[in-house]
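Just so it is clear: chains get the letters A, B, ... in the order the sequence lines come, proteins before strands, and each one is counted from 1.
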Amino acid sequence: MTKNKSTEKKSYNFFEDVHAVAKLIPKGRVTSYGAIAAYLGTKMSARMVGWAMNSAHGDKKLPAHRVVNRIGLLTGKHHFKPPSAMQKQLEHEGIKVVKDKVQNFDKLFWDPSKELI
DNA sequence: GGTCTGACCGGCG
DNA sequence: ACGCCGGCCAGAC
């Protein structure tokens, strides 16, 4: 034990990873929590991804509005300052949102594990 | 220190 | 076809 790893924390890595991927989302594209989770290796724990967003709520660089659930539903819009801001942002990106749902979701879907390496 | 929740996903009845 | 339930990980009280 040449070094003490007791002070090491990899938990933070998870949060930073989610933030990093979220920032890498191209404009006009959307992704799902599960996709990010799978990219991080925790596909089963997609809940953590959305939660990581909540912790990064103060980071404007985090395009959380581009992150939706697997069906393209704006599940996290309720967490935005004005919930309507999420849809407005998506529409501003050129994404059509109807009834809090992303249209052409499968086309606008951006998979980090495929687009990114 | 134990318990609960949480912006999800997938399977089963 | 629809609804319900469990799972997984990490932070907050």
Side-chain angles (χ1 to χ4, degrees):
Chain A
M1 65 347 247
T2 44
K3 293 190 184 167
N4 57 326
K5 317 170 166 208
S6 307
T7 49
E8 281 197 80
K9 285 189 178 171
K10 34 190 159 190
S11 315
Y12 276 81
N13 191 15
F14 182 82
F15 271 65
E16 294 207 10
D17 250 343
V18 176
H19 301 167
V21 176
K23 289 174 186 175
L24 291 171
I25 300 174
K27 185 168 152 193
R29 298 277 174 164
V30 288
T31 188
S32 63
Y33 301 98
I36 300 174
Y39 178 70
L40 300 177
T42 54
K43 63 176 187 182
M44 266 183 159
S45 311
R47 301 165 109 188
M48 269 67 269
V49 179
W51 202 6
M53 293 289 195
N54 201 6
S55 289
H57 199 267
D59 198 328
K60 304 188 299 187
K61 298 299 184 194
L62 262 177
H65 60 271
R66 291 183 194 155
V67 184
V68 292
N69 69 350
R70 63 177 170 101
I71 63 177
L73 198 66
L74 281 62
T75 47
K77 77 171 203 167
H78 288 283
H79 295 264
F80 278 69
K81 330 283 188 64
S84 311
M86 189 173 185
Q87 181 174 331
K88 192 158 193 170
Q89 280 280 51
L90 289 170
E91 289 187 319
H92 188 74
E93 303 272 318
I95 302 171
K96 292 188 170 86
V97 181
V98 180
K99 294 184 301 185
D100 306 328
K101 189 172 59 191
V102 178
Q103 303 301 300
N104 302 328
F105 174 68
D106 62 311
K107 293 183 183 174
L108 299 171
F109 185 69
W110 181 79
D111 195 336
S113 60
K114 287 181 181 178
E115 303 298 316
L116 281 179
I117 296 296

Proximity to DNA chain B (any heavy atom under 4.0 Å), residues of residues 61-79 of chain A only: A:A64, A:N69, A:R70, A:T75, A:G76, A:H79
Consecutive-pair stems (at least three Watson-Crick or G-U pairs, under 3.5 Å) that include DNA chain B: B:2-6 with C:9-13, B:8-13 with C:2-7
Contacts of type side chain to side chain contact (heavy atoms under 4.5 Å, CB included), residue A:K107, not counting sequence neighbours: A:N104
Joint hydrophobic cluster, A:Y33 plus A:F80, side-chain heavy atoms closer than 4.5 Å: no
If you look only at distance, which donor and acceptor atoms sit under 3.5 Å apart when one is on a side chain in residues 36-53 of chain A and the other is two or more places apart or in another chain?
| residue | atom | partner | partner atom | Å |
| --- | --- | --- | --- | --- |
| A:T42 | OG1 | A:A37 | O | 3.4 |

Nucleotide C:dC9, atom P - distance to CG of A:D17 in whole Å: 16 Å
Pairs flagged by ring pair (Phe, Tyr, Trp, His ring centres under 6.0 Å) wherever residues 86-117 of chain A is involved - sequence neighbours left out: A:F105-A:F109
ILVMFWY network linking A:M86 to A:V102, side-chain heavy atoms under 4.5 angstrom: yes
First-last contacting nucleotides on DNA chain B - partner chain A, under 4.0 angstrom, heavy atom: B:dG6 to B:dG10
Within residues 63-78 of chain A or reaching into it, pairs that qualify as side-chain hydrogen bond (donor to acceptor under 3.5 Å, both in side chains) - sequence neighbours excluded: A:R66-A:E93, A:K77-A:D100
Pairwise salt bridge (charged side-chain N to carboxylate O under 4.0 Å, His left out) hits with a residue in residues 23-39 of chain A, at least two apart: A:K23-A:D59
Proximity to DNA chain B (any heavy atom under 4.0 Å), residues of residues 38-49 of chain A only: A:A46, A:R47, A:M48
Candidate list A:V67, A:V68, A:L108, test side-chain contact (heavy atoms from CB on, under 4.5 Å), partner A:T31, passing option: A:V67
Same apolar cluster: A:L24 and A:V30, side chain cutoff 4.5 Å: no
Interatomic distance at C1', B:dC4 relative to C:dG6, whole Å: 16 Å
Residue-level proximity of residues 85-94 of chain A to DNA chain B when a heavy atom falls under 4.0 Å: none
Side chain to side chain contact (heavy atoms under 4.5 Å, CB included) against A:K101, all qualifying residues, sequence neighbours excluded: A:L73, A:Q103
Residues that A:S113 engages under side-chain hydrogen bond (donor to acceptor under 3.5 Å, both in side chains), provided they are two or more places apart: A:D111
hydrophobic_cluster_shared for A:F14 and A:V21, side chain cutoff 4.5 Å: yes
